[in-house]
2 protein chains.
Amino acid sequence: MVEKLQDSYLAAHDQLYRSLRMRIMYGEVSPGQAMTLRGVAEEFSVSVTPVREALKRLAAEGALSISVSGRFQTPALTNDRIEELAALRALIEVELATRALPRAHMALVERLQTINNAISVAVAKADAVTYIRTNLEFHRTLYLRAQAPAMLATVETVWLQMGPTMRALYGRLQRKDPPMHHRLILAALKAGDEPGLRVAVRADVTQGLRMLAR
Amino acid sequence: MVEKLQDSYLAAHDQLYRSLRMRIMYGEVSPGQAMTLRGVAEEFSVSVTPVREALKRLAAEGALSISVSGRFQTPALTNDRIEELAALRALIEVELATRALPRAHMALVERLQTINNAISVAVAKADAVTYIRTNLEFHRTLYLRAQAPAMLATVETVWLQMGPTMRALYGRLQRKDPPMHHRLILAALKAGDEPGLRVAVRADVTQGLRMLAR
DNA sequence: CATGGTCAATTGTGATCACAAATACAAATG
DNA sequence: CATTTGTATTTGTGATCACAATTGACCATG
């Protein structure tokens, strides 16, 4: 048998989980879309057993909702729920950014600027999925410096729950400008300005919410 | 066939999940304790299939950790991880308490006082599991008034991760007094004192942490 | 006494099957 | 044409089995 590299091997249900998680978090599926065990199993050429584990896990994280009869679908969030999730993002991400600030050196800021350029390109192309993915990559790259894995995992769960809805919102948002608040975040990082950073992160996280209140 | 009440029926894996979740959250298992598919299956008289779903779900929520070879055990938290989880509790629970404050009427305060008495009894008996359960019930009862299900679910996940460790800490804590901060919380609720409430909740959540730093 | 090796038992994984419930669709009925 | 009924299909659930990898215990060797 071919020798497998330790970290190249993943159980089938774990590969499924990661693939589906990316689809949901980055808005590649729309809210309310159904997922069936046998449908996913056929697509990935596995049996239903690993699919069940992956879907159940996603449901446990709020990435999928389960109907009373046990069927899976991406959740269609109410406005109240969206407000709540945005508030959670604000709470946790402000803390993560604050913890990252003393560790944010120039190399990190440069990487963030590179990612920010990729976001601008996605905005120019009106590519919603790429926009969401690179935007979250911007935040994740910053927060990784906070050395707070539990907080990062928690906020990623929030991102996951908002994925399909963010995609649907992006359509009606009609973005034309690259992310303004990201520039404020970068400026505050360079200046070591903690209060400014907190305000900028909070504003960036809650900005999309205003479009919703109409 | 006997008619089943809608909410009395639960799938086997869901019953398992709830039972094991309670065991973990309330500290009935110690950190590092192993759980095997066949062991749990035999205990609950089911096959391994529903057990796998329940354990995987708990692992996804951080209530169990999975070794490199796939075995399940309750996590043994590092001090850094405990500090992080306590910080998450502080962030989210202060927000939940703040949101609950305007809705906290006299009937709620009375229920909280009743629960608080039960906590005192558990402390007097040195019953760690009952102490943890009633203490969390105190917090949950208050936060339910916040009408913020996503935040409550998030903080419950944090409680879940800390369960076994809280139990282990309780032993070396040697509590003799009923919860002092709970009285401060109740006083702030009665007075409608938001700043005081925030300080009291934060102090209550982070109090156990001081015992650890030795 | 410590260390390495061999073999049996344990453990998680994934496929398959039977089953019951829910759903979808078409035909029948008013 | 709208509503209901009946049937076929779809769907999630749980049990069982084979398999590979890990673990653990016992024994031999230094």
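Note that these values count all heavy atoms, side chains included, but never hydrogens, waters or copies made by symmetry. Source: prediction; values computed, not measured. So you know, we letter chains A, B, ... as the sequences are listed, proteins then strands, and number each from 1.
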Looking at DNA chain D, which of residues 34-42 of chain A put a heavy atom within less than 4.0 Å of it?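 Correct list: A/Met35, A/Thr36, A/Leu37, A/Arg38.
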Within residues 46-61 of chain B: residues closer than 4.0 Å to DNA chain D (heavy atoms):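 Residues of residues 46-61 of chain B that come under 4.0 Å of DNA chain D are, in numerical order, B/Val46, B/Ser47, B/Val48, B/Thr49, B/Pro50.
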Which side chain to side chain donor-acceptor pair (under 3.5 Å) pairs, counting each pair once, include a residue from residues 101-124 of chain A, with sequence neighbours left out?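 Output for this query lists A/Asn116-A/His182.
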Report the distance from atom [atom1] of [X] to atom [atom2] of [N], rounded to the nearest whole Å.
{"X": "A/Phe72", "N": "D/dG12", "atom1": "CZ", "atom2": "C1'", "value": "7 Å"}
{"X": "B/Asp14", "N": "D/dG12", "atom1": "CG", "atom2": "C1'", "value": "13 Å"}
{"X": "B/Gln15", "N": "D/dG14", "atom1": "CD", "atom2": "P", "value": "9 Å"}
{"X": "A/Leu16", "N": "C/dT13", "atom1": "CG", "atom2": "P", "value": "13 Å"}

Shortest non-hydrogen contact from B/Thr98 to B/Leu197?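 Closest approach of B/Thr98 to B/Leu197, heavy atoms only: N-CD2, 4.4 Å.
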Identified side chain to side chain contact (heavy atoms under 4.5 Å, CB included) partner of B/Ile132 from the options B/Leu136, B/Thr130, B/Thr134: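 Checked B/Leu136, B/Thr130, B/Thr134 against B/Ile132; only one passes side chain to side chain contact (heavy atoms under 4.5 Å, CB included): B/Leu136.
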With the threshold set at 4.0 Å, does a side-chain nitrogen-carboxylate oxygen contact exist between A/Glu95 and A/Arg99?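 Yes, this pair counts.
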Please determine whether a side-chain nitrogen of the Lys or Arg among B/Arg89 and B/Asp204 lies less than 4.0 Å from a carboxylate oxygen of the Asp or Glu.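 No, B/Arg89 and B/Asp204 are not salt-bridged.
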Given C/dT23, is OP1 or OP2 found less than 4.0 Å from the side-chain N or O atoms of A/Ser69?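 Answer yes for this pair, as a side-chain N or O of A/Ser69 is under 4.0 Å from OP1 or OP2.
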Select from A/Arg71 and A/His13 the residue whose nearest nucleotide in DNA chain C is closer to the 5' end of that strand.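 Final value for this comparison: A/His13.
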Which pairs pass salt bridge (charged side-chain N to carboxylate O under 4.0 Å, His left out) with one or both residues in residues 134-148 of chain B, sequence neighbours excluded?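 Salt bridge (charged side-chain N to carboxylate O under 4.0 Å, His left out) check on residues 134-148 of chain B returns B/Arg140-B/Glu156.
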Salt bridge (charged side-chain N to carboxylate O under 4.0 Å, His left out) pairs, two or more places apart, involving residues 22-44 of chain B: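 Passing the test, one end in residues 22-44 of chain B: B/Arg23-B/Glu43.
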Listed partners of A/Tyr26 passing ring-ring contact (aromatic ring centres under 6.0 Å, His included), at least two apart: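 Per chain and number, A/Tyr26 pairs via ring-ring contact (aromatic ring centres under 6.0 Å, His included) with no residue.
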